[in-house]
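The next block holds one structure in the form of structure tokens; read it before the comments.
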Amino acid sequence: MPVRHFLRDDDLTAQEQRTILDRARALKADPFSDRCLDGPHVVAVLFDKQTLRTQVSFTAAIAHLGGFPMVIDGKLANVGVRESIADTARVLGREAVAIVWRTYGQERIDEMAAYAGVPVVNALTDSFHPCQILADLMTIEEHKGDLPGLTLGYVGDGANNMAQSYLLGGALAGLHVRIGTPAAYQPDVAILARAHEIAAARGGSVLVTDDPVAAVADADAVATDTWVSMGMEGESATRKGSASPFAPYAVTSELMTAASRDAIFLHCLPAYRGFEVAPEVIDGPASVVWDESENRLHAQKAVLSWLREQQLAQDCR
Ligand code: NVA
């Protein structure tokens, strides 16, 4: 059996996603009940991009599980330049029981996983942010109940990691996932096709539209994200300027009136008030962004615990 990783949302089956969400909920209720990293076992946590929530939540998660978070500044390690990704993976895999990596191209983390010999977790790449989507699903469930059949409307950059992870992870959970984005910022064609395939099997659906109102119409949850993802800073003037293509997709009080009357608002943060979201929405009664942020901790503990369990079961074979 190959080592299990969490590199993209659909690395999990729907049942496995359910198991992890249930475990996250249990760990939120009883934070120190799982000591699967007791030793302490070391988890390597590398950052090639900026971080606040991810470093904090993975550090806390690993500590809660009884392990030691070995946080590595990507600028110092300079993975892929100073040393190849494959060699880095082999070194880390000898001393850590899991590797968590925030980096740029998805092919970088795929290569890390191919050589590590231990589970690798995607802490955000240009293509996906699967840990965030688990936290979001947990948050939606806490506020709206059973996930299958609920509608999530995301508006903004449809080609970024959050949009693409909502497509896969949301479809896996049985949601109706709608993406409202300009025609020039569509999700990757293969990812969209995969989301349609998952949705068909799970009883949900997927829609990509350039109409922001259609994207959030009667939605149970409305989500957005920065218009300038990490690595896109060079396009900041176009993306955030006065003629921003995303301006019609800003989540304002008016756009929220198109959603379900008691819709919740999600944002993975950091948020830029006055751009992708109006202050009165993110700081208003519909906003659940602080629950969402906290749930990163619980969801990631569940991911690490589940991966450790898979790894130990394999080592015993
Ligand atoms: N799309 C954003 C998410 C930040 C958590 C980015 O990649 O910068």
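Basis for what follows: all heavy atoms, side chains included, without hydrogens, waters or symmetry-related copies. Remember, it's a predicted structure, so these values are computed and weren't measured experimentally.
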- Message: Any heavy-atom pair between the side chains of Asn161 and Gln132 that's under 4.5 Å?
- Response: no
- Query: Considering all heavy atoms of both residues, which atom of Ala171 and which atom of Ala199 are nearest to each other, and what is their separation?
  - Reply: CB-N, 3.9 Å
- Message: I'd like to know if the side chain of Gln314 reaches the main chain of Gln311, judged simply by a donor and an acceptor atom lying under 3.5 Å from each other, with no hydrogens or angles considered.
- Response: no
- Between Ala258 and Val213, which heavy-atom pair has the shortest distance, and what is it? CB-CG1, 3.9 Å
- Query: In Å and rounded to the nearest 0.5 Å, what is the CD to CD1 distance from Glu142 to Ile264?
  - Reply: 9.5 Å
- Note on the structure: Of all heavy-atom pairs linking Ala250 and Leu255, the shortest is O-CD2, 3.6 Å
- Query: Can you find a side-chain donor-acceptor pair between His129 and Ser165 that sits under 3.5 Å?
  - Reply: no
- Item | Inter-residue atom distance Leu152.CG - Asp220.CG, 0.5 Å rounding | 9.0 Å
- Please determine if Asp48 and Arg102 form a salt bridge, counting it only when a charged side-chain N lies under 4.0 Å from a carboxylate O. no
- Examine distances only and state if a side-chain atom of Lys144 and a backbone atom of Thr139 form a donor-acceptor pair shorter than 3.5 Å. no
- Test of ring centre spacing under 6.0 Å for Phe32 and His64: yes
- Message: Is there a side-chain contact between Leu304 and Arg308 in this structure, where contact means two heavy atoms from C-beta onward sitting under 4.5 Å apart?
- Response: no
- Message: Quiz question: by atom type and distance under 3.5 Å, do the side chains of Thr125 and Gln106 form a donor-acceptor pair?
- Response: yes
- Query: Under the 3.5 angstrom rule, does the side chain of Glu95 hit a backbone N or O of Val91 as a donor-acceptor pair?
  - Reply: no
- Exercise: do Asp87 and Tyr115 side chains pair donor with acceptor under 3.5 Å: no
- Query: Is there a donor-acceptor contact under 3.5 Å from the side chain of Ser293 to the main chain of Val289?
  - Reply: no
- Query: With no hydrogens and no angle check, is any side-chain donor or acceptor of Asp146 less than 3.5 Å from a backbone partner on Pro148?
  - Reply: no
- Task: State, to 0.1 Å, how close Ala123 and Thr54 come at their nearest heavy-atom pair, and which atoms those are.
- Result: CB-CG2, 3.7 Å
- Task: Supply the atom-to-atom distance Tyr272 OH to Thr224 OG1, rounded to the nearest 0.5 angstrom.
- Result: 12.5 Å
- Query: Does any non-hydrogen side-chain atom of Ser57 lie less than 4.5 Å from one of Gln300?
  - Reply: yes
- Query: When rounded to the nearest 0.5 angstrom, what is the spacing between CD1 in Ile179 and OH in Tyr166?
  - Reply: 8.5 Å
- Task: Apply the test salt bridge (charged side-chain N to carboxylate O under 4.0 Å, His left out) to residues Arg4 and Glu16: give CA-CA distance (whole Å), side-chain angles for both, the deciding distance (0.1 Å), then the verdict.
- Result: CA-CA 12 Å; Arg4 296 295 302 266; Glu16 289 167 347; 2.8 Å; yes
- Query: Heavy-atom distance under 4.5 Å between the side chains of Phe6 and Leu12, does that happen here?
  - Reply: yes
- Query: If every non-hydrogen atom of Ala219 is compared with every non-hydrogen atom of Gly153, which pair is closest and at what distance?
  - Reply: CB-N, 4.0 Å
- Query: With distance as the sole test, does Ser229 use its side chain to make a donor-acceptor pair with the main-chain N or O of Asn160 at under 3.5 Å?
  - Reply: no
- Smallest heavy-atom separation, Leu175 atom then Leu147 atom, equals CD2-O, 3.2 Å
- Query: Would a 4.5 Å heavy-atom cut-off, applied to side chains only, mark Asp136 and Met162 as touching?
  - Reply: yes
- Answer yes or no: is there an ion pair linking Arg108 with Glu111, defined by an N-O contact shorter than 4.0 Å? no
- So does Arg25 have more than 12 non-hydrogen atoms from other groups sitting under 6.0 Å from CZ? no
- Look at Asp126 together with Lys49 and state whether they make a salt bridge at an N to O cut-off of under 4.0 Å. yes
- Query: Same cluster for Leu137 and Leu27 if Ile/Leu/Val/Met/Phe/Trp/Tyr side chains link at under 4.5 Å?
  - Reply: no
- Message: What I'd like to find out is whether the side chain of Ser253 reaches to under 4.5 Å of the side chain of Glu280, using heavy atoms alone.
- Response: yes
- Check the surroundings of atom CD in Glu233: do more than 12 heavy atoms from other residues, nucleotides or ligands lie under 6.0 Å from it? yes
- Decide side chain to side chain contact (heavy atoms under 4.5 Å, CB included) for Val251 and Glu276; before the verdict, give the C-alpha distance in whole Å, the side-chain angles of both, and the deciding distance to 0.1 Å. CA-CA 6 Å; Val251 182; Glu276 76 272 9; over 6 Å; no
- Leu150 and His176, any side-chain heavy atoms less than 4.5 Å apart: no
- Task: Look at Arg239 together with Asp157 and state whether they make a salt bridge at an N to O cut-off of under 4.0 Å.
- Result: yes
- Message: Please check this pair: side chain of Arg178 against backbone of Ala217, looking for a donor-acceptor N/O pair closer than 3.5 Å.
- Response: yes
- Item | Joint cluster assignment, Phe58 & Met112, ILVMFWY side-chain distance < 4.5 Å | no
- Decide side chain to side chain contact (heavy atoms under 4.5 Å, CB included) for Leu7 and Asp110; before the verdict, give the C-alpha distance in whole Å, the side-chain angles of both, and the deciding distance to 0.1 Å. CA-CA 7 Å; Leu7 308 178; Asp110 287 345; 3.5 Å; yes
- Query: So how far is it from Phe128 CZ to Ile133 CD1, rounded to the nearest 0.5 Å?
  - Reply: 10.5 Å
- Message: I'd like to know whether Leu65 forms a side chain to side chain contact (heavy atoms under 4.5 Å, CB included) with Arg35, so could you lay out the CA-CA distance, the side-chain angles of the two residues, the decisive distance to 0.1 Å, and finally the verdict.
- Response: CA-CA 4 Å; Leu65 295 172; Arg35 303 287 290 174; over 6 Å; no
- With Ile62 as reference, evaluate Val97, Val42, Val71, Leu37 under the side chain to side chain contact (heavy atoms under 4.5 Å, CB included) test and give the passing residue. Leu37
- Do the non-hydrogen side-chain atoms of Arg90 and Glu83 ever get within less than 4.5 Å of each other? no
- Is it true that the side chains of Ser260 and Asp218 contain a donor and an acceptor less than 3.5 Å apart? no
- Any chance you could measure Ile191, atom CD1, to Gln186, atom CD, to the nearest 0.5 Å? 12.5 Å
- Please check if the side chain of Thr257 supplies one atom and the backbone of Glu254 the other of a donor-acceptor pair under 3.5 Å. yes
- Message: Ring centroids only, cut at 6.0 angstrom: are Phe246 and Phe275 within range, meaning strictly under it?
- Response: no
- Message: Between Val121 and Ile99, is the side chain to side chain contact (heavy atoms under 4.5 Å, CB included) condition met? List the steps.
- Response: CA-CA 6 Å; Val121 177; Ile99 298 167; over 6 Å; no
- Task: Please answer whether the main-chain N or O of Asp291 pairs with a side-chain N or O of Asn295 as donor and acceptor at a distance below 3.5 Å.
- Result: yes
- Qualifying residue, where the test is side chain to side chain contact (heavy atoms under 4.5 Å, CB included) with Arg296 and the options are Arg53, Lys301, Met138: Arg53
- Message: Salt bridge check, Glu309 against Arg23: does any charged N sit closer than 4.0 Å to a carboxylate O?
- Response: yes
- Task: Kindly work out whether a path of hydrophobic side-chain contacts (I/L/V/M/F/W/Y, heavy atoms less than 4.5 Å apart) joins Trp290 to Ile282.
- Result: yes
- Query: Going hydrophobic residue to hydrophobic residue with side-chain gaps under 4.5 angstrom, can you get from Val45 over to Val303?
  - Reply: yes
- Query: Any sub-3.5 Å donor-acceptor pair from His267's side-chain atoms to Leu269's backbone N or O?
  - Reply: yes
- Item | Connected via hydrophobic side-chain network under 4.5 Å: Trp101 and Leu124 | no
